[in-house]
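Taking it in order: structure first as structure tokens, then the write-up.
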Amino acid sequence: MCSVVGYIGKDYGRNFIIEGLSRLEYRGYDSAGFACLHPENNRLLYCKAEGRLQNLAAKFVTNPIDGHIGIGHTRWSTHGKPTETNAHPQFDCQQIISVVHNGIIENHHQLRVQLLEDGHVFHSDTDTEIIAHLIESLLKKHNDLNRAIVQLVAMLEGAFSFICIMEAYPDQMILVRKRSPLCIGMGDDEMFVASDALAFAEKTQKVLFLQDESFAIVRRNGVEIYDFKEKPLPIMIHELAFDWKAGDKRGHKHFMLKEIYEQKRAIHATVEFLASLQDDLWGHIGLSEEVIYNLERLSLIGCGTSWHAARIAQFFFENICNIPTRIYLASEMRYMPFFRESQSLYIAISQSGETADTLEALRMVSSFNLPTLALTNVASSTMVREADGFLLTQAGHEIAVASTKAFSTQLAALYWLAHRIAYEKKLIDGQAMELAEDDLLIAAEVLENSIENYKFIIQQKLAPFYAQFKQSIFLGRHISYPFALEAALKLKEVSYIFAQCYPAGELKHGPLALIDEHIPVFIFSCQDQVIYRKLVANAQEAKARGGHIVAFCFEGQQELIDLADVPFIFPRCRALLEPLVMSGLMQYFVYEIANVLGCEIDKPRNLAKSVTVE
Ligand code: M6R
């Protein structure tokens, strides 16, 4: 789980590079390094250290190198031990070319043998060093940088991205991307480069996401981009909707609360980002148009909250683009019989892009040569690298263990994708596509307003009251059932109150036996009249047994409103967006319950943000 960061411009780059790497360090690493060109004589200077970034920073005290062009890296070892020699940057024979790299060069052994035969001398065990030596020999052969890069990428197999600086080209930085993300932050007479825009989000809001299989020549005042055949590509700049301030709660008591409130902006940013990709969507996400045109089946894979988002999205894909959609819980999928389905796309959904079960399920699907897409919030994640294509939510850094804005942006992105596939298949027109985008923006608005509407009463009255119960039941039907699952999970993880969720129709098949005045029943309504009537009947059953009802319902649903001890009433919306509209208030309510109980909300006991072990 490596990260790369680079700088070229009017200032000295080292501080930015180390700060940028530290913003990405939550991903884990075992060594770090920095290289730059001397500001006067352009000699390549470097410094590396085993372990944490602090170890590297400590070395700058006696070796205070810096320059106007520089690159940095945190390494998670794959090829070779986590030693200083194996840390990046890696170099060519003369130490005049320096490379930092993410990903894996799969044919590194074969290339190394060839380079050794040609007389190159290697110092590390890394696959990265191959890149520096190959650039050295290709430049000798062609004396043309672009040609050398084109030849180089044709020789490399695997998924990788790298940044290179060279003494011979002191005013430019070379970026190469294949199935591993890289982006450029455009500054004023300076450029910031990183595997994740989080690294430079405080410096600039203008970002250029390098397209898959492309390379860039970056100068302090301009960028050229080419595909792997050296065809120039257009420069498409995206506006980051936030400046991410990791580690800053912005006046909120907990990150979870801050993140609940960031949802409106995060949904806006996600929709705007996706909409801006329209013409080049499939190229950008790395899938061929053919896969989409011929799509007959979809499979969505995830764990925890991402699995709930998948289950909700099943309704999107089946209703909007008529595609039968299977949902896989990643931890189960790998141990079940797998039936290879052609004309199918497998979408791994994961906030972190690192969840071990989801990653292994993705790898299993890839081993059957089936097309895969990663929907994640972390551009530099392993899933982004390993899936055939990727789509990024724009939630910004989510720090609280309990997922909030990642969930709502997943829903927004999946709703958008369902429409985009329907559009591609000519099931809807451009106007319907635009309407879907508007509906998402409206849903984001309602999400935030509903928190404001009920905030006071929740804080003053409802949260202290519901914090007294030791257990609770959650009910939903149709699209509100997977949402009820998510609500129950949220309550459990932040408040430690036991919550059991059922499809409401199951009530009489057993759970009704649990209901009395000591157990609150949370019911999530739907606008569909038939489903609503059934939910009212379920609420009556619970009420008749003394159950205490909290209903999330819609304007005009008077019977349910009257039955409920606490009705939260939402304005009517697109039926498929009901879970998105309700998510902010649901999260806020459970947050306040946990707050009353004095729980460790951002880091609940026994839980980790990224579950990277099975
Ligand atoms: O990073 P991922 O979306 O793959 O994570 C999956 C689950 O571990 C995660 O959603 C977990 O359930 C959250 N703590 C829920 O709030």
Side-chain angles (χ1 to χ4, degrees), residues 1 26-28 196 254-257 259-260 263 266 270 300-313 327-334 346-363 372-387 390-393 395-414 474 482-497 499 501 579 583-584 586-591 593-594 599-614:
M1 295 184 289
Y26 66 96
R27 308 193 57 232
D196 189 325
H254 295 98
F255 280 110
M256 183 177 173
L257 188 57
E259 288 160 7
I260 287 172
Q263 291 184 100
T270 300
L300 312 182
I301 308 163
C303 291
T305 291
S306 296
W307 178 62
H308 298 151
R311 294 191 62 161
I312 292 168
I327 306 302
Y328 288 106
L329 183 59
S331 53
E332 290 293 317
M333 177 185 188
R334 300 170 50 205
Y346 291 79
I347 307 181
I349 303 172
S350 172
Q351 187 284 131
S352 60
E354 303 292 350
T355 300
D357 282 315
T358 312
L359 188 57
E360 287 307 323
L362 177 78
R363 286 176 176 154
T372 55
L373 173 72
L375 175 71
T376 169
N377 193 37
V378 182
S380 49
S381 61
T382 311
M383 280 181 215
V384 166
R385 249 189 345 261
E386 296 202 6
F390 66 88
L391 209 50
L392 297 174
T393 47
H397 198 183
E398 192 181 65
I399 291 177
V401 165
S403 199
T404 53
K405 59 178 180 169
F407 172 69
S408 52
T409 52
Q410 283 168 349
L411 292 185
L414 289 160
F474 283 68
F483 181 69
L485 281 171
E486 170 59 10
L489 172 67
K490 213 91 300 169
L491 181 67
K492 281 181 271 203
E493 66 179 335
V494 297
S495 73
Y496 316 145
I497 293 175
C501 180
S583 54
M586 173 278 281
Q587 295 156 351
Y588 181 76
F589 190 22
V590 301
Y591 164 82
I593 292 174
C599 298
E600 260 196 284
I601 294 181
D602 286 334
K603 285 190 184 157
R605 65 185 183 204
N606 311 335
L607 299 180
K609 181 67 185 159
S610 213
V611 186
T612 52
V613 288
E614 292 169 42

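Everything numeric here is computed off the predicted structure, so don't read it as measured data. Side chains included, hydrogens not; waters and symmetry mates left out as well; all remaining heavy atoms used. Ligands are counted one by one from 1 in listed order, and the atoms in each one are counted from 1 as well.
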Margin query: Does either side chain, that of Ser381 or that of Glu354, offer a donor lying less than 3.5 Å from an acceptor on the other one?
Written below: no
Exactly one of Lys490, Gln410, Gln351 clears side chain to side chain donor-acceptor pair (under 3.5 Å) with Thr305, and that residue is Lys490
Per side-chain contact (heavy atoms from CB on, under 4.5 Å), Ser306 is matched among Ile349, Leu300, Leu375 by Ile349
Ala400 meets the side-chain contact (heavy atoms from CB on, under 4.5 Å) criterion, sequence neighbours left out, with Phe255, Met256, Glu259, Asp602
Check your understanding: Using 4.0 Å as the upper bound for N to carboxylate O, is an ion pair formed by Glu398 and Lys609?
Key -> yes
Within the 4.0 Å heavy-atom cut-off around ligand 1, the contacting residues, ordered by chain and number, are Cys303, Gly304, Thr305, Ser306, Ser350, Gln351, Ser352, Thr355, Val401, Ala402, Ser403, Leu489, Lys490, Glu493, Val611
With no hydrogens and no angle check, do the side chains of Gln263 and Ser408 hold a donor and an acceptor under 3.5 Å apart?
yes
